Every structure is written in structure tokens, then in C-alpha cells.
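Here's the structure, in C-alpha cells; my notes come after.
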Amino acid sequence: MNYWLFKTEPSECSIDDFARAPTTPIVWEGVRNYQARNFLRDGVVVGDQVLIYHSSCKDIGVAGIAEVVRAAYADPSQFDPRSPYYDAKSSPQQPRWVAVDLRFVNKLPRLITLDKIKSSAKMAELPVAQKGSRLSVMPVTIQQWRDLLALQ
DNA sequence: GCCAACGTTGGC
DNA sequence: GCCAACGTTGGC
């Protein structure tokens, strides 16, 4: 089993949206960065645990936990011309982007703020703690996972 | 809203 | 293959 951190803008989809419909699979689509895509495609497997991180918003930080219920498959939004994630250069024969499905596990009682993450020396290697990092899907070691949740 | 940092594109 | 220009991300 692996551990990950996925970024999301809560104005688009937040931990509260997931909590509201806890049995509905969460389609994690729209990843349009090659490094993040490669993690999704080559690393993410069913059963993996995922930290849900809120970015580009007022309250930035880790908001909850989800679990992978479906490994990588062709992201349907890349073929939909009306989608903001549409990619004209992708084809069903040779899909460029992948999606995975998650299920809601829990919402943390309190957000683990980016401030707190940055102030922990143990989190220095976590891309999210580093200035300028734009990686939206990143691996987390078991130790980082434990240390991070211990920051609550 | 600003802007630094980053990833991608395209001309050469 | 280089790199300038550009668009985007994301914290502040």
C-alpha cells in the first residue's frame, strides 16, 4: 500500500463535497501535468491512502483522507470538448491523461494548515512544504504520513 | 490582485 | 537541443 497527497481547489471540489456524499466514488480527473500523471498511472493502486489537500484558497492545508478504489484509467474529460480539461491532442486510441477513483474516508476534525506543515522540520522533503512546488499528486512516505497526521 | 516560480511550447 | 516567451499555479 502506498501513501499520497492530492491537491484540490475546494471551490472546485472539497472534502466537504466528499463528506456530503460519502458513498459516491470521487472521480479524480483533470490532472494535466506529466509528473503528476506518471504518479497516477504508474504508482497509484487500489487501497492506497490519500491526503486531500486544499490549495488556492483561504484555509490551505490537509483537510481529510480518501482511499483509492480504482486505479488509473483514461480520463474521460480529455475527450470532452466542453470540458475545461479537454485536450485536442489526446485520442481514445492513445489517451494522454488518466483519472483514478477515490472514496471518502474522513474529514479531519481540524485542518492541518500549511503553516503548521512548513514549521515541521519532518515535512521539509514534502513538495507541498517547498516554495514554488506545483506538483499536484505526490508520494508521501509512511513516516511522513504518520508525522503529518500527528501535527493535528 | 500580485507576482515568483514553474512547466510547456515553439522558433531557431 | 537550446532557450525565450508564454500561460498557469498557488501562496501571500
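Each chain gets a letter, A, B and so on, in the order its sequence line appears, and its residues count up from 1. These numbers were taken from a predicted model, which means no experiment stands behind them.
Along DNA chain B, the nucleotide nearest to Lys131(A) and the one nearest to Arg32(A) differ in position, and the one closer to the 5' end is contacted by Lys131(A). DNA chain B is contacted by both Lys89(A) and Gln35(A); Gln35(A) maps to the nucleotide lying nearer its 5′ end (nearest heavy atom per residue).
Looking at Asp75(A) and Arg37(A), no side-chain N of the basic residue comes within less than 4.0 Å of a carboxylate O on the acidic one, giving no salt bridge.
In this structure, Arg146(A) has no side chain to side chain donor-acceptor pair (under 3.5 Å) partners at least two apart in sequence or on a different chain. In terms of the side chain to side chain donor-acceptor pair (under 3.5 Å) criterion, residue partners of Glu67(A) (sequence neighbours excluded) are, by chain and number, Arg103(A).
Residues Tyr73(A) and Val44(A) do not share a hydrophobic cluster, clusters being chains of Ile/Leu/Val/Met/Phe/Trp/Tyr side chains in contact below 4.5 Å.
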Sugar-phosphate or base contact per nucleotide [nucleotides 7-12 of chain C; S, B, -; heavy atom under 4.0 Å]: BBSBSS
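Counted within 6.0 Å of CD on Glu125(A), heavy atoms from surrounding residues, nucleotides or ligands total 12 or fewer; the atom is thus considered open.
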